[in-house]
Amino acid sequence: MTEGATQVLGERRPREPLLEVKELRVSYGAIKALHGITLSVGKGEVVALIGSNGAGKTSTLRAVSGMVKPAGGRITLAGADVTGLKPNLLVPRGMAHAPEGRGIFLNLSVLENLELGAYLRRDRAEVTKDAEYCFSLFPVLAERRKQQAATLSGGEQQMLAISRALMSRPTLLLLDEPSLGLAPQVVQTIFRILREVNGRGVSILLVEQNAHLALALADYGYVLETGELAMAGPGQELLASPEVRRAYLGE
Amino acid sequence: MGAASAKTMPYWARGLAPLLGALAVLAMLQWIFGPMHFFVYLSSLVGVNVILAVSLNVVNGMTGQFSIGHAGFMAVGAYLSGLFSLAVKELNIRGLPATLSDQLLLLAAIGVGGVAAAACGFLVGLPSLRLKGDYLAIVTLGFGEIIRVVVQNTETLGGALGLSGIPQRSSFYMVWLWVFVTVLVARRIAGSSHGRSLWAIREDEVAAEAMGVDTTGYKVRSFVVSSFFAGVAGALFAHFVPIINPGSFTFVKSMEVVVMVVAGGLGSTTGAIVAAVCLTLLPEGMRSLFLRLGGEDASLAQKVDQIRMPIYGLLLVLLMLVRPQGLFGTREAWDVLPKWLSRRGPALKGPVA
């Protein structure tokens, strides 16, 4: 079964669609980063987007979250057309983006970072509750709540970045390389928490270089190659496919 | 303006109460200092620089954008308010005593200057603030120079000779009233959710955007506010100096304000105030010092205006070596001073520490 040039493996468990991306194209000046990719994330689903450097993973995420304007295509969130909307309009609709390289506010304390994550919300009491929820997810952050974020380790910073994204109470969480530059054990912890967050009904679109971990977590996965979707399929089946094993798992 | 008393007041009164207090205090000071002409002149100069520094701090400090064309906006305010005042020089608002009518017209002139500068700020800021990084610095630098060159070559603005005959209606009272308003607005911005967005933009623009901060919108807004007060400062300036000419609004003036903001600590309103006061009084202090040293020979004292720039530069280099975050860093005097005082010794450890 193929869909355009995309090789599609296995059957996808049907779900109510949350995010639908159709023929998305992104260019930076004359350089075309994405040549029309189509993907979707269902309600409560974890979807992984894997691929090598420069394949367009981050571009896809940035276009979905409104950080870059798409050159073409359509993005729908919970049935509403949100193509070209800026993040300040997407965040209230339930989309949160933890950008590549964490991008936490290094000069502010852990708690202040979380408060800024809830920037568009006006329900103070609930915000405090959500901050406590984040602290329960990552107890190490609770110990450091008054500490300046710059003094956190790489793993703690990544935990903070994820927590901050959760503070806007998203229905869809976009994560850009949460495993970047982290020790394997820390990565294990973070992925375990992501599973837990997903269990609470948050859909996740995950961009990763670490294909093994990402596909193991994901319900569904897409493989991106030079701006085009090469493969799609349930996480386990992609993991088992010889092409993926050869290209991304070094076998 | 204690935090505790502010909380018990209704929302609308929170801005009004300190303003009324300031009006009364200023009226008293005006009554005491009014007749002292040199003092009024010098304090007006200080006041104008405080307005410039505090307003530039909203952009350079709180928002983390780098504007180096504040003198341009000041010039717009000075010239347009000057033209307005020249046009209504002979006018008297019917039924009002002459002094009151003059002051109302001055207020109108200041409004004209401020709004014109704010409009320029919007036009300059909108295209350049959409971009990230150093574009704003380049564009504001260009804007400042364009304004100066245009003024220099426009006959109706007096060309290089400058605009003279603007009624000298400014007073100690008017200048410091605006200083107060500027500081009040700056502090209110810092403490509001608007201030939080600016804070986020300063710390990490990409992250701020990802969290849903309308980065361009907030940057443009803070730039417009900053330009408005630069225009007000220019308007006030035009109404107490005998003549305004393009030489008063050069790049050097812009840099002077930047130095004040950096020296006071980027993001610190009180720091900007302290630095503006010190750096305005410094040349005057040098003047009287050189006069005393030189005795009959006054040539050194006359050169103060040329000597002060290298001294500013030296001060800035020293500051960057010793205290790169500026006087108060991003914090305010009341956050920092109690700590400094308590470090001086246990004797000073009061209830604040």
Side-chain angles (χ1 to χ4, degrees), chain A residues 58 61-69 82 85-109 112-122 124 127 148-150 157-158 160-170 172-176, chain B residues 7 11 57 60-66 126-127 129-133 135 189-222 262 265-268 271 323-326 328-332 335-336 339:
Chain A
T58 296
L61 222 53
R62 286 170 60 85
V64 168
S65 70
M67 310 255 298
V68 293
K69 229 183 167 79
V82 295
L85 287 191
K86 292 284 227 167
N88 57 312
L89 299 174
L90 284 171
V91 174
R93 285 168 182 260
M95 196 186 283
H97 184 176
E100 193 178 14
R102 297 159 204 153
I104 58 170
F105 302 110
L106 294 172
N107 290 323
L108 308 185
S109 75
E112 283 168 335
N113 266 278
L114 293 182
E115 279 170 356
L116 280 174
Y119 158 78
L120 286 170
R121 291 172 53 185
R122 291 287 169 267
R124 295 275 337 155
V127 167
Q148 199 190 342
Q157 290 188 11
Q158 185 61 57
L160 181 56
I162 294 171
S163 301
R164 193 185 57 189
L166 286 174
M167 287 300 288
S168 67
R169 284 211 174 158
L172 177 63
L173 180 61
L174 308 178
L175 294 173
D176 202 342
Chain B
K7 271 182 193 132
Y11 182 76
N57 182 49
N60 287 28
M62 295 183 198
T63 323
Q65 308 299 303
F66 215 71
L126 194 60
L129 288 166
R130 292 171 66 95
L131 306 165
K132 296 177 175 71
Y135 297 95
I189 290 176
S192 66
S193 78
H194 192 136
R196 283 195 159 242
S197 348
L198 300 184
W199 201 25
I201 293 169
R202 177 183 73 199
E203 294 299 326
D204 192 320
E205 206 173 325
V206 176
E209 197 187 359
M211 282 166 3
V213 177
D214 175 11
T215 50
T216 306
Y218 278 112
K219 283 194 285 183
V220 170
R221 261 172 266 174
S222 71
V262 173
L266 283 163
S268 171
R323 206 174 159 75
Q325 74 273 40
F328 296 141
T330 59
R331 288 172 298 174
E332 299 296 346
D335 301 323
V336 178
K339 271 185 215 158

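Proteins get letters first, then strands, A, B, ... in listed order; numbering begins at 1 in each. Everything numeric here is computed off the predicted structure, so don't read it as measured data.
Note: B/M211 leads B/M211, B/R196, B/E205 in heavy-atom pairs under 4.5 Å with chain A. When each of A/A161, A/A96, A/P87 is scored by its heavy-atom pairs under 4.5 Å with chain B, the top score falls to A/P87.
The shortest heavy-atom contact between A/G103 and B/A207 is O-CB, 2.8 Å. Nearest heavy-atom pair across B/D214 and A/N88 is CB-ND2, 3.4 Å. When all heavy atoms are compared, the tightest approach of B/S197 to A/Y119 is OG-OH, 3.2 Å. Minimum interatomic distance between A/V91 and B/A210 (heavy atoms only, all atoms of both residues): CG2-O, 3.6 Å. Summarising the geometry of A/I104 relative to B/D204, their closest heavy-atom pair is O-OD2, 4.1 Å, with the distance given to 0.1 Å. Closest non-hydrogen pair, B/G212 versus A/L120, comes out as O-CD1, 3.7 Å.
At a 4.5 Å heavy-atom cutoff, B/T330 makes no contact with chain A through either its backbone or its side chain. Using a 4.5 Å cut-off between heavy atoms, A/L89 makes no contact with chain B at all. Contact annotation for A/R121: neither backbone nor side-chain heavy atoms come within less than 4.5 Å of a heavy atom of chain B. Contacts between A/L116 and chain B at a heavy-atom distance below 4.5 Å involve backbone atoms as well as side-chain atoms.
Within residues 162-170 of chain A, the residues that have a heavy atom under 4.5 Å from a heavy atom of chain B are A/R164, listed by number.
Shown here are the ring-ring contact (aromatic ring centres under 6.0 Å, His included) partners of B/Y218, two or more places apart in sequence or in another chain: B/H194.
B/R323 CZ: more than 12 foreign heavy atoms inside a 6.0 Å radius.
With contacts defined as side-chain heavy-atom distances shorter than 4.5 Å, the pair A/H97/B/E209 does not qualify.
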